[in-house]
Protein chains: 2
Amino acid sequence: MGTSAFKTVRGMRDFLPEQAKLMKYIEGKARRVAELYGYKEIITPIVEPYELLSAKAGEEVRSRMFVFKDLGGRDVALRPEFTASVARLVATTLKNEPKPFRLFCVGSIYRYDEPQKGRYREFWQSNYELMGSDKPEADAEILMLTNSLMKTAGLKKYCFKIGHVGILRGILSEEKLDDRAQNAILQLMDKKLYEDALRLVEHSGASKNCLTTLRNLVKLKGSKTLEVVERIKEHVEGYTKAMDAAENLYEILKLILESRCEVDMNVEAGFARGLEYYTGMIVEPSVPELDIALGGGGRYDRLIELFGGEPTPAVGIAHGIDRIMLALQLQKGMEEAEEEKTVMVIPVKEALKGEALKTSQVLRDVGISAEVEVMGRKVAKALEDADRRKMDYAVIIGERELKEGAVVIRNLLKREQKTVKIEKMAETIKGRQRS
Amino acid sequence: MGTSAFKTVRGMRDFLPEQAKLMKYIEGKARRVAELYGYKEIITPIVEPYELLSAKAGEEVRSRMFVFKDLGGRDVALRPEFTASVARLVATTLKNEPKPFRLFCVGSIYRYDEPQKGRYREFWQSNYELMGSDKPEADAEILMLTNSLMKTAGLKKYCFKIGHVGILRGILSEEKLDDRAQNAILQLMDKKLYEDALRLVEHSGASKNCLTTLRNLVKLKGSKTLEVVERIKEHVEGYTKAMDAAENLYEILKLILESRCEVDMNVEAGFARGLEYYTGMIVEPSVPELDIALGGGGRYDRLIELFGGEPTPAVGIAHGIDRIMLALQLQKGMEEAEEEKTVMVIPVKEALKGEALKTSQVLRDVGISAEVEVMGRKVAKALEDADRRKMDYAVIIGERELKEGAVVIRNLLKREQKTVKIEKMAETIKGRQRS
């Protein structure tokens, strides 16, 4: 076998126990937030029809999908996001269920990006979708739950970048630019290539007033959210749809203030996102320590009908579990979780191995994590190993003690030991565990 | 978009909330068992080099892999099992760590099988590997933890089929059959095509004695485990390696008895498994309600060195999470978990939406699951919906109550309501929750 077989595929990685624990910790927090907000978990396949995944993803994402034919010759791909799969479910299996739906999913996602810090080809997302409501309180809920996740995961400092694609699209559509041109312009804006975007607007035959308005808008940003939106409204005066969009953003932000949700927000009038299906508010949470966002989401009111379902207003967000992990490590925000105490059970001789297995099970049955010595080592060697691995207790199974229904419990930290009746064993370890 | 885009890829499926909850419940139990036995979780990629995955999987599995080229032209595949990935880690990143390792992973697996009841092309496994020990107590531990998982998941009746590939391989190798011939024979045995297997043995030039021995062995099975192994030993007399294998199996089963691990076991002398890398004890847990096993595992002492690592004896097992789910449903073994109480928060008018969002957060902050009315419905309509969805409480935000720092709490089951101060709100709901 070649040495390349020993390496993970480019852009993929292993998580060793410490990292895996942190990943699962954040996943657990994301699941708990879903429960608290009434989002029901669903599981969808990682392999989906290419046609489904490519339909609305936008050229940008489409070109970076892992596409292949299965053995039956069907075009399939690894999901580059959750939303298409959720939209499929809503347009089919769930189509007759009463609205609203609150749906949650978590798992791995695949995009053929150039690997860099925080960006991999396999990554993990928690995804929340609220379907059926076009009201600003639905948008506000998505912001609030994102805040709950960031806070409960342990991030100390983070900020939401907020915008509304209806502002830019409202202006461009009133200037008679078609979707294709709008998408191209928003792609450039998403990459902060504002000059290129404005040049494209100009080439698309937009008015002078439009260019001036856009040039002013892309400069408008700030953390005094309602004030920034008021200024946006002044600038888009005359563009009815853009005005409606700004008003909608205002209402959402006002609800956030009224809800007392404590979060730093930054409104940016020129903010756009790579996925083409957004129609309203858009958001990206981030931390100062990282260039890339921790997640992204927004409102996409036309997506379900584009998938053939009933018109269904919807708002949702995906958070990068592994990016939140990276941010936590950078902020050293992970609370030192109280480690579970660990016990090694060691028989003093071969003939007592069965007793050692039995004793370990007695401990596990009351919730104590126990390993049995399986290397056939003498007690001294096994104790050395337990010490090196910073285990808390050793339970030594000896013949003499066993005859009296007892074992030796050794506190590996204090280096002291005592003989304890088996029925008091768990209590002894658990009692000390508390102290 | 064609209608086929609305279907999941053949052999793949969605899990709706109720099923997804059960899947995550079993996954949680599997993780808890890992903690109690000292197995550390790792996360490995779903996409791995084809060379790695195909190296030791055996022709059977190799031909059913999802193989493709990534955009960089590399041959990659979706993992058809966890063991190759774990072996890679042990042969590389972990190679200098002291033994034993206890490693756990859980996630989805891909095989291009013909879909049938309980068999899909995307399925979920929990995987435990104990590396570094060649002792029978290591094998016994894998059996014990499997028993713990089955029991804690809630299965009422299950049985372990147990064998030892060293018995058949010991005989065949002393008859000078090479690995290739042995693999072909064991494949047939795995499929219970004993006559075909025996014919192949005959064609491979084995002795008459060998044929008689094998013919007798495949009939040997039973739940009186130690007795069956004693009879196996009588039959393989003269085949030294087969005798050692039977002796090893005897020791493992004796430890299980001594450990008081309560599990129905069935020893089968002619039992073989599809994966070629097993060298010792093999096991498959199953339930009477299902034809297919709930998992499978065993000892594979040469695998790590075949991957280029240090010789490392190892024993491991993978359990099918979705098969355990199916078995639980068939046995109706799922305990009725106490459902979390749910609350809907409803503002009586538009202007109180922010207050409703704030109130919902107060509830969540103390661990109560709360949904806010986001459809803009009148109170009566929203209550109707909460009723239909069998929610427990409605918290109604009214102007008059709010002025007095209070809300109306409606018990939807009892159809009674009362006005409660906001600071007593959570207590009122939680208090009733306990009763």
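Chain letters run A, B, ... following the sequence lines, proteins first and then strands; every chain starts at 1.
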Report yes if the side chains of [X] and [Y] come closer than 4.5 Å at any heavy-atom pair, otherwise no.
| X | Y | answer |
| --- | --- | --- |
| Val47(A) | Thr8(B) | no |
| Ile42(A) | Phe15(B) | no |
| Val76(A) | Phe68(B) | no |
| Pro136(B) | Lys353(A) | yes |
| Lys7(A) | Arg88(B) | no |
| Arg364(A) | Met144(B) | yes |

Trace of the side-chain contact (heavy atoms from CB on, under 4.5 Å) decision for Ile43(B) with Asp14(A): CA-CA 6 Å; Ile43(B) 302 172; Asp14(A) 295 316; over 6 Å; no
Side chain, backbone, both or neither: which part of [X] has an atom under 4.5 Å from a heavy atom of chain A?
| X | value |
| --- | --- |
| Tyr110(B) | side chain |
| Leu78(B) | side chain |
| Leu130(B) | side chain |
| Met23(B) | side chain |
| Ser85(B) | neither |
| Thr359(B) | neither |
| Glu35(B) | both |
| Leu71(B) | both |
| Glu373(B) | backbone |

Atom CD of Glu48(B) and atom CE of Met12(A): how far apart are they, to the nearest 0.5 Å? 9.0 Å
[X] and [Y]: which non-hydrogen atoms are nearest, and at how many Å?
| X | Y | result |
| --- | --- | --- |
| Ile46(A) | Ser108(B) | CD1-OG, 3.8 Å |
| Gly38(B) | Ser369(A) | N-OG, 3.9 Å |
| Lys135(B) | Met375(A) | CE-O, 3.8 Å |
| Pro49(B) | Val9(A) | N-CG2, 3.4 Å |

Given that the side chain runs from C-beta out, which part of [X] has a heavy atom under 4.5 Å from chain B: side chain, backbone, both or neither?
| X | result |
| --- | --- |
| Thr44(A) | both |
| Ala138(A) | both |
| Leu89(A) | side chain |

Given Leu94(A) and Leu16(B), is the side-chain contact (heavy atoms from CB on, under 4.5 Å) satisfied, shown in steps? CA-CA 9 Å; Leu94(A) 301 174; Leu16(B) 295 181; 4.2 Å; yes
Before giving the answer on side-chain contact (heavy atoms from CB on, under 4.5 Å), spell out for Ile368(A) and Leu36(B) the whole-Å C-alpha distance, their side-chain angles and the decisive distance to 0.1 Å. CA-CA 6 Å; Ile368(A) 296 169; Leu36(B) 286 173; 5.8 Å; no
Ranked by heavy-atom pairs below 4.5 Å to chain A, first place among Arg260(B), Arg102(B), Arg74(B), Glu258(B) goes to Arg102(B)
Shorter than 4.5 Å, heavy atoms on both sides: which option in Ala356(B), Cys261(B), Gly72(B) has the most such pairs with chain A? Gly72(B)
Would you say the side-chain atoms of Gln361(A) and Tyr37(B) include a donor-acceptor pair closer than 3.5 Å? yes
Those residues that, when tested against Ser54(B), pass side-chain hydrogen bond (donor to acceptor under 3.5 Å, both in side chains) (two or more places apart): none
With a 6.0 Å cut-off (strictly less than), is the heavy-atom count around NZ of Lys254(B), excluding the residue itself, greater than 12? no
Do Glu340(A) and Arg32(B) sit within salt-bridge range, that is, some charged N less than 4.0 Å from a carboxylate O? yes
Check: Gly354(A) main-chain N/O paired with Ser259(B) side-chain donor or acceptor under 3.5 Å: no
